[in-house]
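Report on the structure given below.
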Amino acid sequence: MTKTFQTNDYEGGIQNWDIAQDKKGYIYVANNFGLLEYDGNNWKKYLIENNTRVRSVFVDSDNRIYIGGQNQFGYFESDEKGVLVFHSLYDQMQPKDQNMEDVWKIVKYQDKLLFSSYQGLVTYDGKKVSKIDGAFDYDLVFEVANRLFVYSPTTGMASWTGETFSPVIGSDFLTNQPVTAIIPYQNNSLLIFQKNGKIFQYKQDVFTEWESGISDFLAKAQVNTAIVLDNHNIAIGTQNNGLAIVSPEGKVVQYLTKGKGLNNRTVLSLHEDSFKNLWVGLHDGITMVELSSPFSLIGEQSGLPGTGYCATTFNNKLYLGTNNGLFYQEANSNPLASGSSYKLVRNTSGQVYNIQQINEELFLAHHNGAFLVTGDNATRFYNETGTWKFAHSVGKNRILAGAYDGFRIFEKKEGTYFLYRNFDSFKESSRVFEFTNDSTLFMTHGYKGAYKITFNQDFTRLNDVRFYGQNDGFPSHLLINVFDLGSQLVFAAERGIYIYDDLQDRFLNYQNLEKHLSAESHVTELTSDLKGNIFFRSDQALGYLEKTPFGEYEKNTAIFKRISKYLSDDFENISIIDHQNVFFGAKEGFIHYNPSIEYPDNQPFETYIREITVIADQEELLYGGSNDIGQGNIFLPAFFSSLKFRFASPYFHGQDELVFQYLLENFEKDWSEWSALTEKEYTNLYEGEYTFRVRARNTFNQISQEASFSFKVYPPWYRSKLAYFLYAGAVVLIFGTSMFLLDTKHRKKRKQLTIEQQRELMRKENEIEEVSKKSKEEITRLKNEKLRAEVDHKNRELATNTMHLINKNEFMISIKKSLQMMPKESADSKNTLKKIIRDIDRNLSEDDGWHQFTKHFDQIHGSFLKNIKAEHPMLTPQEVKLCAYLKMNMSSKEIANLLNISVRGVEISRYRLRKKLGLSRETNLVNYMLEYS
């Protein structure tokens, strides 16, 4: 699989001269418009002084990014905000040495960096920049296997002796063509690549030409660069014909060029990343080639137009059928190794359904009929529209075919095939069918059900056609397919997997597969390889069941998630050629799968916060993403409380399937849903401490190491501690000022009142004196009033005495009652009691105490009892007494003794009196009596 980035993707120039990767996994590209950085999601461009072109890039162990350009070189390093800033080393050179022109290569040897141009070499030891002066011209420098070489147009190769470069003996023949690459090779030897495509092996001062299978190809293509890959294969980038990857033995493993994986045929740079992907810098664009991926797309770029339907090999040719025809190329153990494009088999334009080998012949089932294929030509032997598929021979020189309207039998005569039999009794479209024995087959129809069809022995007629559907074990008549897995026929329905039970003449659930594929899934394709592994496709998953030595299956689906979106949903097809070549029908061509390639599906990866911007009146960068983000000491003012986070994960196996999940602690309760979005914005954060966390999940459902950023939002000034202190001070000040003003006002008013009072007293004294002088009669009148008051006082004393008499009478009455209730045991005691009672009665009749009390009481209180009885005639005598006692302001206890009832009884009497008087709960009964007139 490849992924290409155009100039509008990275917003740079067309040419990409060098590629490097840092320890985080970010990709850096030396581009015509500057330095490009790719984090797995976004490209970022960094300009150099004077907008110079960048020709070379090198990332050191300290994560400094060194670049070389036109009369410029130096390094990028993060500032305190995490933004890459360029520092020039060129400016440190002596003026006489500054004519460097283009710096094409940067290498590190021991503790020094070497910047190489066609005008010489410059070294940098971390402190000082120096130009190397030599006895001959220096060209490009190469660091190989801890050895340092330089190419000289005048002497050939030279090696570093520790102090200077010394010519390599016997290398003068290399002066005829520039050396573009030197790589380590087997047995401590080196491979030296020249521009003209010549490759030499160098070992122990001996040069020999390296023989490879692509020598002629390289001679025409011209070599720009070459690197050794992690798997020991060699990637060679050419000027005229793309990229070739060869084995250590020189055999082509993969070939990519314009229209075949690349969008340009000129390769300027190569780099293998930590995921074993090959990054290709082109004359126009950048391409990432997933070398470690077992998947490759074969489509229109390879000369194969249309949707893929079928694949097979025959007579050293690979045939691929699409809706645009049948295409072929010369067979190869790796279809990607061929440099040639696919070609159309003559006479096959249009919809191809199947390509099958039967009896050493290749048959093509086509919309336009039936064809026999020989090499690059197809001969039609049946002209009726619509042939779906062929089956095995059904007699000498005869084959069976399924068509749009039933079955046909063709017979071979004189080297070609003719229609032998047409079965008019069965006209159903017969695309999917498999034989269960020599004369019986099952045919399934996607919308009608399944048919078991039995032919007679010589296939001249149909003996029996039996229909199976919902009443025969299937969940419905719909979406039924039959597949031959070698040992038995398997049926997939709308849901579930089934096998046919001949004894019951019924279809039963096939638990052996359903437990792996789910009884609720709809399987659309099943096929098996020679090892018994079963490849499948369903509405839930895509993958294969790997057969174990114990006869069980292990399900493998994770790596196939990547290709699901490319596959065709029309007549799904999986064609197994051999253990290295499996073809999946795709919307645009085929997905080639090589099961022998072990995919690194457990490689750890990380997620990084790439940018943090704060949003106030305008966006302001808080963190640029290039250095390690600070933790715990980031403080944001309140007007920065809206933040935007951008994040990425430089995981280059299926970047399109990466999804992210984030959480802002103290703001969100749980992780977000997985999403392909790579930024998150939070607005109007309240003051407090927060931690933003983010992580990624790849196509294998592995979760990355998470990135986090802790920060604290300060409150706005009006909610700060200082503000609250000021608020408190203002309150105290206002309160104090108010109290002072009130006190001043009060003093002034009190002083004024004192003066007014003194004036009033003087006025009153004057008035009294005048009144005293004018009339002594008033004094006499007052003395008379005093005498009357003394009389009233006496009357009150009389009332009090009368009250005591009343008490006495009531007491005597109670004694009388008690005596009357005593038992009369003898005549003398009876007489004695009668005499006592008569005395009490005489005393009571003679003492009209209550009448005297009311008389004196009304005199004192202005006819109080008379008036209240007149106004409230419903009052009982007992209640009238209670009114009198309340008027006298007696306590409940005193009243209880007078009325000869309990204190509780007094309270009840008061309650009833209140109701009869119509008083509200807020009115005090005693006050009412005291104020009553």
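For an aromatic pair to be called close, the ring centres must be under 6.0 Å apart, and Phe459 with Tyr420 fails this. Note: Tyr544 and Phe535 meet the aromatic proximity criterion, with ring centroids under 6.0 Å apart. Ring-centre distance between Tyr498 and Tyr510: not below the 6.0 Å cut-off. Between His445 and Phe467, the distance from one ring center to the other does not fall under 6.0 angstrom. Ring pair Tyr382/Phe410: centre-to-centre distance below 6.0 Å. For Phe605 and Tyr651, the gap between ring centers is short of 6.0 Å. For Phe560 and Tyr593, the ring centers sit closer than 6.0 Å to each other. Separation of the Phe435 and His392 ring centroids falls under the 6.0 Å cut-off.
For the pair Leu304/Phe590, a side-chain contact is recorded, criterion being any heavy-atom separation below 4.5 Å from C-beta on. At a threshold of 4.5 Å between non-hydrogen side-chain atoms, the residues Leu364 and Arg380 do not count as touching. Using a 4.5 Å cut-off on side-chain heavy atoms (C-beta onward), Leu526 and Val490 make contact. Looking only at side-chain heavy atoms (C-beta outward), Lys565 and Glu657 come within less than 4.5 Å of each other. Inter-residue side-chain proximity for Lys260 and Thr257 is flagged as met; some heavy-atom pair is nearer than 4.5 Å. Looking at Glu588 and Glu300, their side chains never come closer than 4.5 Å, going by heavy atoms from C-beta outward. Using a 4.5 Å cut-off on side-chain heavy atoms (C-beta onward), Ile355 and Leu362 make contact.
Ser293 and Ile597 get closest at one heavy-atom pair: O-CD1, 4.0 Å. Shortest non-hydrogen contact noted between Leu513 and Ile534 is CD2-CD1, 3.9 Å. Across all their heavy atoms, Leu320 and Ala311 have their closest contact at CD2-CB, 3.3 Å. Cys310 and Asn573 get closest at one heavy-atom pair: CA-OD1, 3.8 Å.
Cation-pi contact between Arg461 and Phe455: absent, since separation from the ring centre below 6.0 Å together with deviation from the ring axis within 45° is not met. Annotation: cation-pi pair Arg466/Tyr468 present, NZ/CZ under 6.0 Å from the ring centroid and within 45° of its normal.
Summarising the geometry, atom CZ belonging to Arg265 is positioned 12.5 Å from atom CG belonging to Leu256; distances are rounded to the nearest 0.5 Å. Separating the CZ atom in Phe652 from the CG atom in Leu658 is a distance of 9.5 Å, to the nearest 0.5 Å. Taking CD of Gln655 as the start and OG of Ser649 as the end, the distance is 9.0 Å to the nearest 0.5 Å. To the nearest 0.5 Å, atoms OG1 (Thr312) and OH (Tyr319) are separated by 9.5 Å. Note that the CG atom of Leu278 and the CD1 atom of Ile245 stand 5.5 Å from one another [nearest 0.5 Å]. Asp484 contributes atom CG, which lies 12.0 Å from atom CG of Leu441 (distance to the nearest 0.5 angstrom).
With no hydrogens or angles considered, a side-chain donor-acceptor pair links Trp388 and Ser429 at under 3.5 Å. With no hydrogens or angles considered, no side-chain donor-acceptor pair links Tyr417 and Asn397 at under 3.5 Å. Inspection of the Gln6 and Asn263 side chains reveals an N or O donor paired with an N or O acceptor under 3.5 Å. In this structure, a donor-acceptor pair under 3.5 Å is present between the side chains of Asp458 and Thr460. Side chains of Asn437 and Thr440: a donor-acceptor N/O pair is present below 3.5 angstrom, by distance only. Side-chain atoms of Gln488 and Tyr500 include no donor-acceptor pair closer than 3.5 Å. With hydrogens and angles left out, the side-chain atoms of Ser476 and Glu494 include a donor and acceptor closer than 3.5 Å. Using modelled atom types and a 3.5 Å distance limit, the side chains of Asn581 and His592 yield a donor-acceptor pair. Between the side chains of Ser247 and Glu249, a donor-acceptor pair is found at a separation under 3.5 Å. Between the side chains of Asp570 and Ser568, no donor N or O sits under 3.5 Å from an acceptor N or O. Of the N and O atoms on the side chains of Lys515 and Tyr553, not one donor lies less than 3.5 Å from an acceptor on the other residue. Remark: the Tyr309 side chain and the Asn354 side chain contain no N/O donor-acceptor pair separated by less than 3.5 Å.
Using a 4.0 Å cut-off between charged side-chain N and carboxylate O, Asp424 and Lys427 make a salt bridge. Salt bridge Asp656/Lys3: present, at least one basic N to carboxylate O contact under 4.0 Å. A salt bridge does not link Asp376 with Lys343: none of the charged nitrogens is closer than 4.0 Å to a carboxylate oxygen. Between Glu428 and Lys448 a salt bridge is recorded (basic side-chain N to carboxylate O distance below 4.0 Å). Between Arg562 and Glu290 a salt bridge is recorded (basic side-chain N to carboxylate O distance below 4.0 Å).
Using a distance-only test at 3.5 Å, with no hydrogens or angles considered, a donor-acceptor pair links the side chain of Glu272 to the main chain of Asp230. Of the possible donor and acceptor atoms, none in the side chain of Asp505 sits under 3.5 Å from a partner among the backbone N and O of Asp502. Side-chain N or O atoms of Thr348 include one that pairs as donor or acceptor with a backbone N or O of Leu326 at under 3.5 Å. The backbone N or O of Asn471 sits less than 3.5 Å from a side-chain atom of Arg506, completing a donor-acceptor pair. Although no hydrogens or angles enter the test, the distance criterion places no donor-acceptor pair under 3.5 Å between the side chain of His516 and the main chain of Glu554. The backbone N or O of Ala492 sits nowhere less than 3.5 Å from a side-chain atom of Asn481 that would complete a donor-acceptor pair. Side chain of Glu514 to backbone of Ile497: a donor-acceptor contact under 3.5 angstrom is found. The backbone N or O of Glu552 lies less than 3.5 Å from a partner atom in the side chain of Thr548, making a donor-acceptor pair. Using modelled atom types, no side-chain atom of Asn509 and backbone atom of Gln511 make a donor-acceptor pair closer than 3.5 Å.
Results of the ring pair (Phe, Tyr, Trp, His ring centres under 6.0 Å) test with Phe407 over Phe433, Phe423, Tyr451 single out Phe433 as the only residue that passes. Under the side-chain contact (heavy atoms from CB on, under 4.5 Å) test applied with Thr4, the options Val289, Thr287, Leu262 reduce to a single match, Thr287. Looking at Ile576, Val582, Leu485 one by one, the single match for side-chain contact (heavy atoms from CB on, under 4.5 Å) with Thr527 turns out to be Ile576.
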Report the C-alpha distance between Tyr255 and Phe217 in whole Å, list the side-chain angles of each, state the deciding distance to 0.1 Å, and finish with yes or no for ring-ring contact (aromatic ring centres under 6.0 Å, His included).
CA-CA 11 Å; Tyr255 174 78; Phe217 167 81; 5.4 Å; yes

Go through Ile453 and Phe426 one step at a time and tell me if the side chain to side chain contact (heavy atoms under 4.5 Å, CB included) criterion holds.
CA-CA 10 Å; Ile453 301 173; Phe426 187 80; 3.8 Å; yes

Output, in order, the C-alpha distance, side-chain angles, deciding distance and verdict of side chain to side chain contact (heavy atoms under 4.5 Å, CB included) for Phe418 and Phe381.
CA-CA 7 Å; Phe418 298 90; Phe381 59 85; over 6 Å; no

